[in-house]
Every structure is written in structure tokens, then in C-alpha cells.
Amino acid sequence: MRLRNTETNAVQPLEPQSDPVRLYVCGITPYDTTHLGHAFTYVVFDVLVRVLRAAGQPVRYVQNVTDVDDDIIRRARELGTTWDHLADKETTLYADDMAALNVLAPDVFPRASQTIPKIIALIVKLEAQGHAYQRDGNVYFRVGSVADYGRLSRLSRTEMITLSAQRGADPDDPRKQDPLDFVLWQVSALGEPRWESPWGVGRPGWHIECSAMALEHLGPQVDVHGGGSDLIYPHHESEIAQSESATGMRPFARIWVHVGMLRYQGEKMSKSLRNLVLVRDLLPRYDADSIRVLLLRHHYREPWEYTPDQLDDAAAWTARLRAAASRTRNGMGDSALAVRAALEDDLDTSGALHVLEEAIDSGDRDWRAAAELLGLELSDPRLDHEEMKKALGWRAPFHNGGGS
RNA sequence: GGCGAGUUAGCCAAGUGGUAAGGCAGAGGUCUGCAAAACCUCCAUCGCGGGUUCGAAUCCCGCACUCGCCUCCA
């Protein structure tokens, strides 16, 4: 497997190893999911996991849920509910949507709210090392304490400061020593989630939870760290600073994989713009295979624009593939090997689909295993939804009081 | 302003040095009582200008335009 590393901008080999590949993917902030952009990101990593495992490479896949967050608090207030109820509900919906898209569950699916002790311990450590400082119950990461903050996004420190000042970001916060310093821990306002800490009652900042969960579940270094390209700065930049400072080991991630943004109606599909196409609105009309084909027709690094007719197009193509699938045999024929080769070349999914298309045309029948690499079912017998979820490993982990 | 991605037929889209996959739409045809379906055929010289090369959509330089990120967002 070869993958493009955002940090080095080079295609880098992910060599086979006896230990599991440590994969960490930034998950959702559960207050408004799952739109097609989310699906794109997680289907891409699903294919990565499938290809690695099919090659006999064990994988330990961690995907977090950032369920303590300003947006959740705000949205819960708007809806007249509590942050934890909203997060639970949305996380379950997300897991349902992923299962419906035939996305394998991660091995560990940790929530920020259940990682608070680890987060606090990490901040304590950073503070003791001089990488963080406390002011009035808030704790900030001292960006000046690391030499190369900005190396992932390739923004120079000067540029970041200039930008930060231009946007009037936080130079007003007199507690910060540097405008770029970011929050590790903050005082909770009334009605916000709160935990006891050495700095008083508060809640974690945005970036620290990912460092804490990655370190807890995968150790001081990960092989592949993924997420949407909108997370490069500041989120992943800050994760690097926190994690490498705490462990003294670098690089924190050997390969950074970032998935391109999906546009809709001319703009980035995003929760704040409300131009969302939700997976659960598509599923009554399109099967999972068709939706996956739509997504996988695009290379993961490419930003692209969704239009409904593309989905119809993908559905028509998928129908042809399904018709041909009934005549396939299980096995790794030339076509299946070509699909695998395409996927191992920086996840060239559109190339892989092209191989399948040629297989159909030429009458090749030995490509069934290749469809599985892409997570395409291509069969009619649909499992009952709950069975499907169980089979894929999504077990509705967030229901304390029973229910689905 | 910085960084990054992109520009291939009406639309979507593949294609990293040897004279442009595929799909949708469209046109014509086979079949059919008519229609549908199915199948067959037709339909582009690759944003613009230079350069390298025997040869470039593919490499290099410049330009134009589109889009994304820049502490809300996969």
C-alpha cells in the first residue's frame, strides 16, 4: 500500500508488518450527521481497512467521537435538549448510517466524554513539561514551545500570527501569551458539560481529545492518521504539537491522509451552511452499493461537487455491475488483482471501478473478491438492519438504558 | 495575502510521453403490431500561450478561470 502523506507531500509506502497497522481517523462531532461528505471520508477509510486486511495485514482502527464541543452545546440549547442526549442520539444515527452503507465498524469507537481522565492527565503532563500554562482556570498550549508548529499545513508561524491577527481571532484574550496558543482546558459556563480538574470545574478544548484517545488506544505513534482536509489546520497541526510534546516521539503520525471536501450547489457541503445531503434521505431511494459507487468514483484527495444526476448515473452503472456479479465466481482472477493493485496505489478507487467495468465487458468472471475490497455487496438478500449492524460491528454502543 | 486542489465532448468522468475509457443525455438502426427493454452504430484533439521531445491531455515555464483551507465543519 502506498499513500500520499500530507506532511511530506510524497507518496509513501505502508509496508506490511506483523503488528497491526495503527489507524486513527478523526470522527464526527455528533450534532448533525451523516451527510454525504462524512460518508465519503469514512467509506474511503473503510476501503483502506478492507484492502489491508484482505492482504493479511492486521489493522487496529480507532475512530473517535468528539461529543464534547461548543456546537453540540449550542445545538442542544436550540433544540431544548441536553448535550449528552443530543450526542447520543446523533452518534447512534451515524452508526446506523455507516452500517447501512456497509462500512465496517472501527475496532475502537471512543467518545471524548468518556476519556476525560486521560485528557486531564495529558494536560497535566504538558503543563509539567512547560508546554502548557494555566490562567484563570483555563489551560493553553504554548505554541512557542514547539519548533515547527505549522509544518503539516505549511503555514509559517509568521503567517499564522498575521492571519490570526487579521481575523481578530483571539488577540483580545489577555490570558494568552501568544495569539496562536490554543485552549486545552476551559472553564465551563452555566449549563455546559463539566468535570472536576486540577484547574477547577471545566471541560476540554477542541484538539486535546484526539491526542488523548490516539495515545490511549494506539500508543505514542500511529501509522496512518486520517480525516477530512478541513481538519489539517488547526486541528491536526495542534494534535501533532500536543502529542509529540507529550511523548517526545516524532512523527506522531507516519502518514497523514486527508480526504477532499465535497461541494453541493457550488459550496462546500457543511453543517454551518446547511447545504447538506443526508445519507438517510438517500437510502430509501438508492441502495448502499450505488451510493458507494458514487463516492468511490472520485479519488479521495479530489474535492468534487455532488449533483443528483451523478447518483442516478452511479445507480445505473451499479445495476449493470450487479447483473454481471450473479455470473461471477469467488476468486482472485486477473481483474481482481488489477483492482487490488489500483487500490494499493494511493487508493485509486476510480481506477479500480474502471477495471471492474472492463471485466464486465470482457466477460471476466473472477472479480467477486475485488468487489468486496470496495465494500460492494452486489447481492439481493438484504440483511435485516439490526443484523447488518451487528455483523459489521456497529453495536449501538451508546445506549445505556437498553433500546436499539 | 498564504497554502492546496482543479480546468478533458451538452453533463459526469477515466487517462502521467506514442495519435483521447466509460456512463448519462442526444442522433441513427436491429427487434417489435405499437411502445418499452435489450443490442448495434455515431458524437471531443483535452482552459490559453510558450518550451522540452521524433512524438504531450500527459513533462517544464507563464497566464486565465473555478474551488477549498486559513481556530464552527469529514
Side-chain angles (χ1 to χ4, degrees), chain A residues 4 6 9 25-45 63-64 66 69-75 94 98 141 143 150 152-156 158-164 166-170 173 176 179-183 205-207 226-238 257-263 266-276 293-295 297-321 323 342 348-358 360-361:
Chain A
R4 168 85 61 164
T6 307
N9 203 22
V25 176
C26 279
I28 54 160
T29 299
Y31 67 96
D32 209 346
T33 64
T34 311
H35 67 245
L36 218 41
H38 294 129
F40 184 41
T41 295
Y42 302 113
V43 164
V44 163
F45 288 105
Q63 182 188 312
N64 71 287
T66 301
D69 176 270
D70 291 345
D71 289 309
I72 296 175
I73 296 166
R74 177 180 51 74
R75 187 100 176 112
Y94 166 75
M98 287 296 108
F141 186 88
V143 166
L152 180 69
S153 55
R154 292 187 200 81
L155 297 167
S156 76
T158 312
E159 288 164 339
M160 288 188 285
I161 291 171
T162 306
L163 287 167
S164 183
Q166 272 176 2
R167 315 262 153 163
D170 278 297
D173 186 345
K176 282 189 180 178
L180 287 183
D181 289 352
F182 54 89
V183 172
W206 175 28
H207 314 301
S229 59
D230 53 352
L231 296 178
I232 295 173
Y233 182 83
H235 185 58
H236 289 162
E237 200 74 72
S238 302
V257 174
H258 288 104
V259 179
M261 291 295 105
L262 183 55
R263 290 191 300 276
E267 292 185 280
K268 175 187 168 190
M269 187 178 290
S270 72
K271 291 185 273 205
S272 55
L273 290 171
R274 300 295 302 161
N275 60 340
L276 305 180
V293 165
L294 167 73
L295 302 173
R297 274 182 167 183
H298 300 88
H299 185 84
Y300 76 87
R301 268 184 287 112
E302 177 193 339
W304 54 285
E305 171 143 0
Y306 166 76
T307 55
D309 48 320
Q310 281 179 56
L311 183 49
D312 288 324
D313 191 359
W317 188 87
T318 305
R320 283 211 305 149
L321 191 68
D348 182 5
T349 52
S350 61
L353 291 174
H354 186 212
V355 170
L356 286 186
E357 185 158 5
E358 286 182 334
I360 298 175
D361 294 342

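Letters A, B, ... are given to chains in the order of the sequence lines, protein chains preceding strands, and every chain is numbered from 1.
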Legend entry - Heavy-atom pair of closest approach, residues A:Asp181 and A:Val143: OD1-N, 2.8 Å
Inset, instruction - Assign A:Asp71 to base, sugar-phosphate, or nothing according to its heavy-atom contacts below 4.0 angstrom with the strands shown. - result: sugar-phosphate
Inset, instruction - With heavy atoms under 4.0 Å as the rule, sort A:Arg74 into base, sugar-phosphate or nothing. - result: nothing
Inset, instruction - With heavy atoms under 4.0 Å as the rule, sort A:Gly27 into base, sugar-phosphate or nothing. - result: sugar-phosphate
Inset, instruction - With heavy atoms under 4.0 Å as the rule, sort A:Leu353 into base, sugar-phosphate or nothing. - result: nothing
Inset, instruction - Give the ring-plane orientation class for A:His207 versus A:His235, where under 30° counts as parallel, over 60° as perpendicular and anything between as tilted. - result: tilted
Inset, instruction - Mind checking A:His298 for me? I need base, sugar-phosphate or nothing, with any heavy atom below 4.0 Å counting as a touch. - result: sugar-phosphate
Inset, instruction - Classify the nucleic acid contact of A:Gly37 as base, sugar-phosphate or nothing, counting any heavy atom under 4.0 Å across all strands shown. - result: base
Inset, instruction - Remember a base hit wins even if backbone is also touched, and classify A:Asn275 as base, sugar-phosphate or nothing at under 4.0 Å, heavy atoms. - result: nothing
Inset, instruction - Could you tell me whether the phosphate oxygens of B:C73, OP1 or OP2, come under 4.0 Å of any side-chain nitrogen or oxygen in A:Trp206? - result: yes
Legend entry - pair A:Tyr31-A:Arg74: side-chain heavy atoms closer than 4.5 Å: yes
Inset, instruction - Could you check if a side-chain atom of A:Thr349 sits within less than 4.5 angstrom of a side-chain atom of A:His299, using non-hydrogen atoms only? - result: no
Legend entry - Min side-chain heavy-atom separation A:Val259-A:Ser229 under 4.5 Å: no
Legend entry - Set of residues satisfying side chain to side chain donor-acceptor pair (under 3.5 Å) with respect to A:His236, sequence neighbours excluded: A:His258
Legend entry - B:C54 - base-pair partner by Watson-Crick or wobble geometry, distances under 3.5 Å: B:G18
Inset, instruction - Give A:Phe40 one of three labels, base, sugar-phosphate or nothing, depending on what nucleic acid heavy atoms sit under 4.0 Å from its own. - result: nothing
Inset, instruction - Using a heavy-atom cut-off of under 4.0 Å over every strand shown, decide if A:Ser270 touches base, sugar-phosphate, or nothing. - result: base
Inset, instruction - In whole angstrom, give me the gap between the P atoms of B:C40 and B:U7. - result: 30 Å
Inset, instruction - Kindly state whether the ring of A:Phe40 and the ring of A:Trp304 have centres lying under 6.0 angstrom apart. - result: yes
Inset, instruction - Scan A:Thr29 against the nucleic acid and name what it touches under 4.0 Å (heavy atoms): base, sugar-phosphate only, or nothing. - result: sugar-phosphate
Inset, instruction - Please work out if A:Leu231 contacts a base, only the sugar-phosphate, or nothing of the nucleic acid, heavy-atom cut-off 4.0 Å. - result: sugar-phosphate
Protein and nucleotides 65-67 of chain B: nitrogen or oxygen contacts under 3.5 angstrom:
residue	atom	partner	partner atom	Å
B:C67	O2'	A:Arg263	NH1	3.0

